[in-house]
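Right, one structure below, let's go through it.
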2 protein chains.
Amino acid sequence: MTSAASSRSPTLKEACVTEALAIIAEQGLEHLSLREVARRLGVSHGAPYRHFESRDRLLAAVVARCYDAFARHLDARPAGGDADADLRAMGVAYLDYALSEPLSYQLMFSTRLPPPTEHPEMMASADHAFGLLRSALARRSPSGSAIEIEADALFVWSALHGLAGTLRSDILAGLELAPETVAEAGAHMLRRIGAALGHPETREQNVAGQR
Amino acid sequence: MTSAASSRSPTLKEACVTEALAIIAEQGLEHLSLREVARRLGVSHGAPYRHFESRDRLLAAVVARCYDAFARHLDARPAGGDADADLRAMGVAYLDYALSEPLSYQLMFSTRLPPPTEHPEMMASADHAFGLLRSALARRSPSGSAIEIEADALFVWSALHGLAGTLRSDILAGLELAPETVAEAGAHMLRRIGAALGHPETREQNVAGQR
DNA sequence: GAGTAATGTAGACAGCGTCTACATCCCGAA
DNA sequence: TTCGGGATGTAGACGCTGTCTACATTACTC
C-alpha cells in the first residue's frame with residue numbers, strides 16, 4: 001500500500017547524502033556528523049534521523065553512491081580490441097579512478113561499514129565489477145578452468161587494489177622512492193600483471209612494448 | 001638533567017597502550033576511548049592525558065607497537081636458501097602476519113593516523129620492511145637497475161598488501177568465490193608474482209612446484 | 001472532511017575529547 | 001633535613017556528538 005511512501009520527501013534524503021559528501025571532502029571523514037549535516041541544510045538536528053537510522057547508515061548511503069560511480073567508470077572504459085586489450089583497459093580504468101577520485105576510493109575501501117549483507121546494492125556493485133574482470137579473463141584464455149580464472153581475477157584485483165592503496169598511503173612519503181618509480185608504478189604494475197598471466201598469443205608485444 | 005625523568009611512571013603509559021589494544025581487540029577500534037582506558041585501569045579519566053596529549057597519540061602508540069611486531073615477524077622468517085627462496089619466504093611471512101594478526105594488520109594499514117612525519121619510529125619500521133624487500137630483489141637479479149628493482153619492490157609489496165586487504169575485506173563475502181580460491185589465494189598470488197618477475201635460473205620449478 | 005502515516009522540531013540524556021584548577025608525591029638542591 | 005618545583009593524578013566543567021522521546025505539522029487516503 002505504501003509502496004512509494006518511502007519517497008515522500010526525497011529532497012532531504014538526497015540532500016543529506018550530497019551534503020555529507022561535501023563535508024567529507026572539505027573537512028574529512030572524521031568531521032562528518034548528522035548534526036553538522038542538519039546544520040548546513042538548515043533543518044533540526046533530528047531531521048536526518050527520519051531518513052537514516054544512524055550515522056553509519058548515512059555513511060553507507062554515501063559509500064553506495066561511490067560504488068555506483070566506480071562501476072560506471074569501469075563500464076565506461078574504452079571498448080574494442082581483444083580480450084587482452086580490454087583487460088588492460090580495465091586495469092587502467094581501475095587505477096585511473098583510484099587516483100583521480102581518491103576520496104571516493106578511500107570511502108569504498110578504507111571505511112568500516114555496517115555489515116555489508118544489509119546493503120545488497122553495494123554487494124551488487126562489487127559483484128558487477130568482479131564479474132567484468134572474471135569474464136575478461138575467461139575470454140582471454142578460454143581453456144582455463146573456472147577455478148583458475150577466479151584465482152587470477154582475485155590476483156589481478158588484489159594487485160591493483162594494493163597499488164592504489166599503497167600510492168594513497170602516507171607511508172609512501174617516508175620511503176624515499178624515486179619520483180619516476182611512483183609515476184610509472186601503474187604502468188609497471190599492469191606490465192607485471194600481464195607477464196604473470198602469460199600472454200596466450202602475443203607475448204612479447206606486451207612484455208616490452210606497452211605504453 | 002631530567003634525562004630519565006620521562007620514565008617517572010612508565011607503568012601507566014605502558015598500561016594504557018596495552019589496555020587500548022585489549023579494548024580494540026574486544027570491542028573494536030570504534031569503542032576505543034581515553035575514558036574507557038582510564039576506567040579499566042581504575043584511574044581518573046584525565047590520567048591518561050598526562051602521557052598522551054590526545055586520543056590519536058595513544059592510537060599512534062598502539063600502531064607503532066604493531067609496526068614493531070610486524071617488522072620482527074618479517075625478520076624472523078626462515079633463513080637460508082638463495083635470494084629467490086628468501087623472497088618467497090618474505091612473501092609467505094607477510095601474508096602469514098596479515099592473516100594471523102588481522103587486528104594488528106588492520107591497525108597499521110586501515111587507520112587514519114596523525115601525520116606520520118611526526119612519528120619517525122613508524123616510518124623507520126616501514127622503511128626497514130621495504131628495504132628487506134628491495135635487497136632481496138637486488139640479490140635475486142644483480143643485473144637489474146636500481147629503478148627497476150625499486151619498481152618491482154613496489155609491485156610485490158602492493159600486490160601482497162592488496163591481497164591481504166581483499167582477504168580481510170567484507171566485500172569478499174558477497175562475491176561467492178569458491179572456498180578453495182580463497183584458501184589458495186596466497187599461494188596463487190606468490191606463484192603469479194614469481195611468474196611476473198621471471199625466474200633467472202629455475203623458472204619451471206617455481207611456476208609448477210610451489211607448495 | 002476526517003484520520004493516519006510520514007516528516008520535521010525541540011528537548012533531554014549519556015558518552016566523548018579536552019581544558020583548567022587543584023591536590024599529591026617524589027627527587028634533588030640548600 | 002627541609003623545602004621547592006616538576007611530574008603525576010583528580011575532579012569538575014564545557015561543548016560536541018549520537019540517539020531517544022514527545023510533540024507539532026503536513027499531506028495523502030478513504
Side-chain angles (χ1 to χ4, degrees), chain A residues 1-24 26-63 107 111-115 118-119, chain B residues 1-24 26-63 107 111-115 118-119:
Chain A
M1 110 182 25
T2 55
S3 66
S6 65
S7 62
R8 275 279 284 96
S9 163
T11 320
L12 185 55
K13 183 165 188 173
E14 266 302 295
C16 281
V17 176
T18 304
E19 206 62 35
L21 204 47
I23 292 174
I24 296 173
E26 291 169 22
Q27 318 183 37
L29 180 56
E30 64 277 13
H31 290 104
L32 173 65
S33 71
L34 284 181
R35 292 179 108 104
E36 176 71 8
V37 168
R39 216 172 289 131
R40 289 171 58 139
L41 291 175
V43 295
S44 76
H45 68 267
Y49 246 76
R50 297 290 155 183
H51 302 278
F52 305 96
E53 57 186 271
S54 74
R55 174 189 184 274
D56 283 347
R57 305 302 272 228
L58 168 58
L59 189 53
V62 172
V63 173
L107 283 175
T111 307
R112 266 287 164 265
L113 296 173
E118 300 177 17
H119 296 273
Chain B
M1 99 177 42
T2 53
S3 65
S6 66
S7 62
R8 272 279 283 97
S9 164
T11 320
L12 184 56
K13 184 165 188 173
E14 267 300 297
C16 281
V17 177
T18 305
E19 205 63 35
L21 204 48
I23 292 174
I24 296 172
E26 292 168 20
Q27 316 181 39
L29 179 58
E30 64 276 14
H31 289 103
L32 174 65
S33 73
L34 284 181
R35 293 178 109 104
E36 175 70 9
V37 168
R39 215 173 289 129
R40 289 170 58 140
L41 291 174
V43 295
S44 77
H45 68 267
Y49 246 76
R50 296 292 155 182
H51 303 277
F52 304 96
E53 57 186 271
S54 73
R55 175 188 184 273
D56 282 348
R57 306 302 272 228
L58 169 58
L59 190 52
V62 172
V63 173
L107 283 175
T111 307
R112 264 290 163 263
L113 296 173
E118 299 178 19
H119 295 274

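A note on names: the letters A, B, ... follow the listed sequences, proteins ahead of strands, and every chain is numbered from 1. This one's a predicted model, so the numbers in the text were calculated from it and none came from an experiment.
Nucleotide D/dG18 holds its P atom 11 Å from the CG atom of A/Leu59, rounded to whole Å. When the C1' atom of C/dG8 is taken as reference, atom CG of A/Leu12 falls 9 Å away, rounded to whole Å. Distance B/Gln27 CD to C/dG15 P: 13 Å, rounded to the nearest Å. Note: CG (A/Leu41) to P (C/dT7) measures 16 Å, nearest angstrom. Straight-line distance from the CD atom of B/Glu53 to the C1' atom of C/dT18: 12 Å, rounded to whole Å. Protein atom CG of A/Asp56 is 12 Å distant from nucleotide atom C1' of D/dT19, rounded to whole Å. Spacing between atom CZ of B/Phe52 and atom P of D/dT8 amounts to 12 Å, rounded to whole angstrom units.
Of all heavy-atom pairs spanning B/Ser44 and B/Ala38, the tightest one is O-CB, 3.3 Å. Across all their heavy atoms, A/Leu59 and A/Leu29 have their closest contact at CD1-CD1, 3.7 Å. The two residues A/Leu34 and A/Arg55 make their nearest non-hydrogen contact at CD1-N, 3.9 Å. Between A/Leu58 and A/Phe52, the shortest heavy-atom contact is CA-CD2, 3.6 Å. For the residue pair B/Leu21 and B/Leu107, the shortest heavy atom distance occurs at CD1-CD1, 4.0 Å.
Counting heavy atoms from C-beta outward, A/Val37 and A/Val43 have side chains that stay 4.5 Å or more apart.
Contact annotation: A/Tyr49 reaches the phosphate of D/dT19 (side-chain N/O to OP1 or OP2, under 4.0 Å).
Of the candidate nucleotides C/dG17, D/dG12, C/dG11, C/dG11 has the atom nearest to the side chain of A/His45. When the nucleotides C/dT9, D/dG18, D/dT10 are ranked by their closest atom to the side chain of B/Val43, D/dT10 comes out on top.
For the atom pair NE2 (B/His51) and CZ (B/Arg57), the distance works out to 15.5 Å, reported to the nearest 0.5 Å.
Within a heavy-atom distance below 4.0 Å of DNA chain C, the residues of residues 30-40 of chain B found are B/Ser33, B/Leu34, B/Arg35, B/Arg39.
For B/Arg50 against D/dG9, a side-chain N or O and a base N or O form a donor-acceptor pair under 3.5 Å.
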